[in-house]
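Working notes, beginning with the structure itself.
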Amino acid sequence: MKKMLRSLCMLLFCFVASKAQNMHTIKGRVIDTASTTILGNTSISVLNAKDSTLVKFTRALDNGSFELNNIRNGKYILLVSYPKYADFVDHFILDSTKKDIDYGKINLTGKAQLLADVIIKGNRSAIKIKGDTTEFDPLAYNIEPNSKVEDLIKQFPGIQIDRDGKITAQGQKNVKVLVDGEEFFGDDPTLVTKNIRADMVDKVQLYDKKSDQATFTGIDDGEKTKTLNIKLKENAKNGYFGKAIAGLGTDGFYQGQLLFNKFTGKKKFSAYGLFGNNGQVGLNWEDSQKLGASGGANVSDDGGIYFSGGGDEFEGWGGQYNNQGIPIARTGGLHFDSKWNNDKETLNTNYKIGSLRVTGDRNTISQNNLASGIINNTSNQTFDNDIFRQKMDAMYEIKLDTTLTLKINVDGTLKESKTFQDYGTLSTRGDNSLLNTSTRRLTNDADDKIFNFNAFLTKKLKKKGRTLSLNLSQSTTSSQTDGYLNSSNRFYNVSGALDSIANINQYKVNDITNNAFKSNLAYTEPLSTSLTVVLNYGLSLINGRSDRKSFNESIPGRYDILDNQFSNDYQLDQTINQGGAIFNYKKGKTVINAGSKFSGVNFKQEDLYNNKTYNRNFVNYMPQAMYQYNFSQQKSFRLNYNGNTNQPSLDQIQPIRINTDPLNITLGNPELKPSFRSSISARYNTYKVLTSQSFYISGYYSFTNNPIVSNVFTDAAGKSTYQAVNINDKVPTNFSLYSSIDRKILGITMGLGFNMNGSNSYNYINNVLNETKNMSYSPQININRYKEGKYNFYAYFGPDYTTTEASVQQAFNSNGWGASGYFSGSVQLPGKFEINSDGEYTYRGKTQAFNESFSQFILNVTFSKKFFKAQNLRASIKGNDLLNQNQGFSRSAFNGNITQTSYTTIRRYFMASVSWDFTKMGGGTKTQK
């Protein structure tokens, strides 16, 4: 027994001794390099080299010495920090050959004393992750004299900006841009990114902007917009700055721009003017999101249905330039915002006025794949569209007391447009025999008015977390149009002989109005210290009228015979009651919310021409759930679920008959049932301070039960009839995956990204069920390099592979490779000369459906000379599309149809210009050094 005890003791002693051999001590002493001052109370941290997690922490004693014990074998980082001194960073390894480490004296250098040859590194946290917000510190990035916000945010991981200034952030497009949390000229982000100087920025925040109610209650209601908030430095809020540009080019191209900003404390005044025909239009006005301003009969999230002025080419142009055609733009705007009364009152106003004319032509080659064969179509279109519009909006917020706040938003838009579109179409059978020809000419004059009002009243009650809020809104839209339709359609039999002719010559008058009143009352009740519930109820009253008249000629030039078949007058009245409850749990690093909304819709549509009434009652169900865990300030995870009932639209149930395209006719289906879509999304992001490494990954998946799909029947003459139907035993899906990882290596910020999108959808083609599967894979690499006073470079590039497979006519699937890339950079030469360049590359390979590949490289180069000490005057010569390859090209494949389009666009020209940046901030002229 004694021998056994002795053996156990020996084993225990050996185990403890071996463990002790794997434990180490780190010690040293911290002093000031210049004055040899002892730096007591210095922060000493040992971090895991693999993931920068904290292993040990202590503070130096009064004599500057420190000692950290019991550190196991491994790879570590020593971080020594003291206020106003550069950090000391050292990577070290502990193993069985190295018992302890004595650093001796660790010399810290004051940040004000740092010289270029000092080897001690200062580390700055370039990114902070605070819940849903990713915050970027501009001082951790490179800022050149007179560079703009656009040049700054190009360096941020996960953000891309194309040559038109459109922003993609973390895989999402159409990013909203704010200045100090407020709108700056509304919805044109380039007015911020291309004009405000980068050295005026204190921080940039990227987040999903919540609704006013969710911001107030702190409980997510699912309404979000990807947003960049540019927060300015305090010394940038006193003075003025601006920019003026004038340029003249070859082939009649020209541009002019003036921007002026005056900031005085909490007041901002800005004005701008743009004119030119070089593609910079500054007219990103999102009227299409307002009621009645986009095509089709729209259905809102709560089930409300609205008449709209679009739906066909007759009224289909929304007044935006998308790089198709040659634009002539003249636009300007005013902005003012202010806070006063101890920040209790806030005002933000914007006024924009402008005209845009776009002319050009478009050629489309398409193939309609049927189970019985194919139809080839060639279409040529000429267009000349002109629009003039004014828009004004205002936001006023007042804090009536410490618990009561009122916020009012008002906006109004006036639009006048003239459109001209001329089509010529030829269709052949698969054996190249002539099927039909069509010529169409549409002219249209439109007068649109849009007005929106919203009031949001919030009240914090006595109990902490108990709140009451009321949201009231009123929207009114009016669209009056008149124009002419002239078309001639010829149909041929299988032998090629003319079979029939259908001509249309009509004058059309449309008068469409919508009115919507909506209300929502929300009550928040804390059930415990960590659990809260939001109860809400809303009432909506919506009515609209669509009066469309078509007239035939009685004598040439006199249109006074009403065509009853293509004329209609509908009155629409709806009452919507919506209620719901959302529970929110928040404790420590965890946030969970779950709940649902229900809306009951009473729908009444009157056909005033035929004295018929259609009644429909339905219920929408909208469940939601969210889980979020914030590991740290640099790491978080979020999981979302949303479900919603999709009711059939008015066009699907009872379409308004149109004859602008006699070869494509839509029929209604009163027997349609609602579908239900479920969507799941997740994201994870993290940032490591010491290695400047960021990682972001997000995914999305949705599936639809009882989907509403298109049933298309194309007859022997090439006429297609469309009708919406339900499919009970098929479930369409849609998914996407986006990821990116960025890290600085040897002074170069490098990133790898991967994007994957996929879907499967269904439709009937001549009574045959067709399934279309789409997949795309696009890895990407991005590089960013800056050398102060010498050069900077930013680029991203990647291949992509796309598959489009339709179950009908599988021989014409569109599977193939492609590639895309973009770069921008500048080189600074002696004598304040500079060369700037940017380029965009696109490649689309051959497929079964498209037997030719396509590639283009759009290269722009600018040679400029800067003047004055501040380098704020610049004379430039720019070559736009130097290689003359901007061909105007697009491809698409969907539901058995493949389409290839070429169109007029801006090509090579040269322009000489002068630009002047003027600044007086904080009492004197300043430039970034």
Side-chain angles (χ1 to χ4, degrees), residues 132 171-172 208-211 213-214 217-226 298-305 471 518 520 522 531-538 540 574 576-585 590-603 616-629 637-649 652-653 672-684 698-709 724-738 757-762:
D132 288 341
Q172 296 188 32
D208 293 321
K209 188 176 185 297
K210 301 175 183 177
S211 67
Q213 179 175 305
T217 63
I219 298 177
D220 194 345
D221 61 4
E223 298 181 24
K224 295 177 184 177
T225 304
K226 186 66 75 176
N298 302 323
V299 181
S300 63
D301 291 338
D302 57 7
I305 299 176
N471 199 322
K518 295 185 177 183
N520 187 66
L531 183 63
T532 304
V533 64
V534 175
L535 305 173
N536 67 76
Y537 168 77
S540 299
Q574 298 163 86
I576 304 173
N577 287 278
Q578 179 174 285
I582 300 175
F583 292 87
N584 190 79
Y585 173 81
T590 301
V591 180
I592 301 173
N593 77 51
S596 183
K597 295 179 182 178
F598 298 85
S599 65
V601 183
N602 177 265
F603 169 91
R616 191 179 181 93
N617 297 298
F618 50 86
V619 175
N620 286 338
Y621 172 48
M622 294 161 282
Q624 68 176 71
M626 184 273 288
Y627 169 79
Q628 180 169 309
Y629 188 80
F637 171 77
R638 183 185 179 103
L639 179 67
N640 276 357
Y641 168 80
N642 289 94
N644 61 288
T645 305
N646 294 314
Q647 296 293 336
S649 71
Q652 293 170 330
I653 298 171
L672 278 176
K673 301 295 188 294
S675 62
F676 188 85
R677 183 179 61 205
S678 296
S679 59
I680 302 170
S681 62
R683 68 160 177 78
Y684 170 81
S698 65
Y700 172 85
Y701 178 77
S702 71
F703 57 95
T704 304
N705 297 103
N706 197 38
I708 299 173
V709 303
V725 297
N726 291 106
I727 301 181
N728 297 323
D729 57 345
K730 300 295 182 181
V731 180
T733 61
N734 190 301
F735 71 91
S736 64
L737 176 68
Y738 171 81
N757 294 277
S759 67
N760 76 304
S761 59
Y762 298 89

Flag side-chain contact, heavy atom, 4.5 Å: Asn593 against Thr532: no

Output for pair (Tyr701 OH, Ser679 OG), nearest 0.5 Å, gives 11.5 Å

Non-hydrogen side-chain atoms of Phe676 and Pro623 separated by less than 4.5 Å: yes

Once rounded to the nearest 0.5 Å, what's the spacing between atom CE of Met622 and atom CZ of Phe598? 8.5 Å

Atom pair CG (Asn471) and NZ (Lys518), whose distance is rounded to the nearest 0.5 Å: 10.5 Å

Just to verify, what does Asn646 make a side-chain hydrogen bond (donor to acceptor under 3.5 Å, both in side chains) with, not counting sequence neighbours? Asn644

For Tyr621, all residues meeting side-chain hydrogen bond (donor to acceptor under 3.5 Å, both in side chains), sequence neighbours excluded: none

Sorted by chain and number, sequence neighbours left out, side-chain hydrogen bond (donor to acceptor under 3.5 Å, both in side chains) with Thr590 holds for none

Could you list the residues that satisfy side-chain contact (heavy atoms from CB on, under 4.5 Å) with Ser681, not counting sequence neighbours? Asn640, Tyr700

Side chains of Asn757 and Tyr738 only: does a donor on one sit below 3.5 Å from an acceptor on the other? no

Dump the intermediate steps for side chain to side chain donor-acceptor pair (under 3.5 Å) on Asn734 and Ser702, then the final yes or no. CA-CA 5 Å; Asn734 190 301; Ser702 71; 4.9 Å; no

Nearest 0.5 Å, what's the CG-CD distance between Asn520 and Gln578? 6.5 Å

Indicate the atoms forming the closest heavy-atom contact of Asn617 with Phe603, along with that distance. OD1-N, 4.2 Å

Could I get the full list of side-chain hydrogen bond (donor to acceptor under 3.5 Å, both in side chains) partners for Asn705, not counting sequence neighbours? none

Would you call Tyr537 and Asn577 a side-chain contact if the rule is heavy atoms closer than 4.5 Å? yes

Is any side-chain heavy atom of Lys226 less than 4.5 Å from a side-chain heavy atom of Asp208? yes

Report the C-alpha separation of Arg683 and Gln628 in whole Å, then their side-chain angles, then the decisive distance to 0.1 Å, and conclude whether the side-chain contact (heavy atoms from CB on, under 4.5 Å) test is met. CA-CA 10 Å; Arg683 68 160 177 78; Gln628 180 169 309; 4.0 Å; yes

Does Tyr629 have any ring pair (Phe, Tyr, Trp, His ring centres under 6.0 Å) partners at least two apart in sequence or in another chain, and if so, which? Phe631

Minimal heavy-atom distance between Lys730 and Pro707, with the atoms involved, is O-CD, 3.3 Å

Side-chain heavy atoms of Arg616 within contact of Ile653, under 4.5 Å: yes

Working to the nearest 0.5 angstrom, can you tell me the gap between Leu672 CG and Ser649 OG? 8.5 Å

Please tell me if the side chains of Leu639 and Tyr641 come closer than 4.5 Å, counting only heavy atoms from C-beta onward. no

Would a 4.5 Å heavy-atom cut-off, applied to side chains only, mark Lys673 and Asn706 as touching? yes

Atom pair CD/CD1 of Gln624 and Ile582 - distance to nearest 0.5 Å: 4.0 Å

What pair of heavy atoms forms the shortest contact from Ser675 to Ile708, and how long is it? CB-N, 4.3 Å

Which pair of heavy atoms, one from Val731 and one from Thr704, lies closest together, and at what distance? CG1-O, 3.4 Å

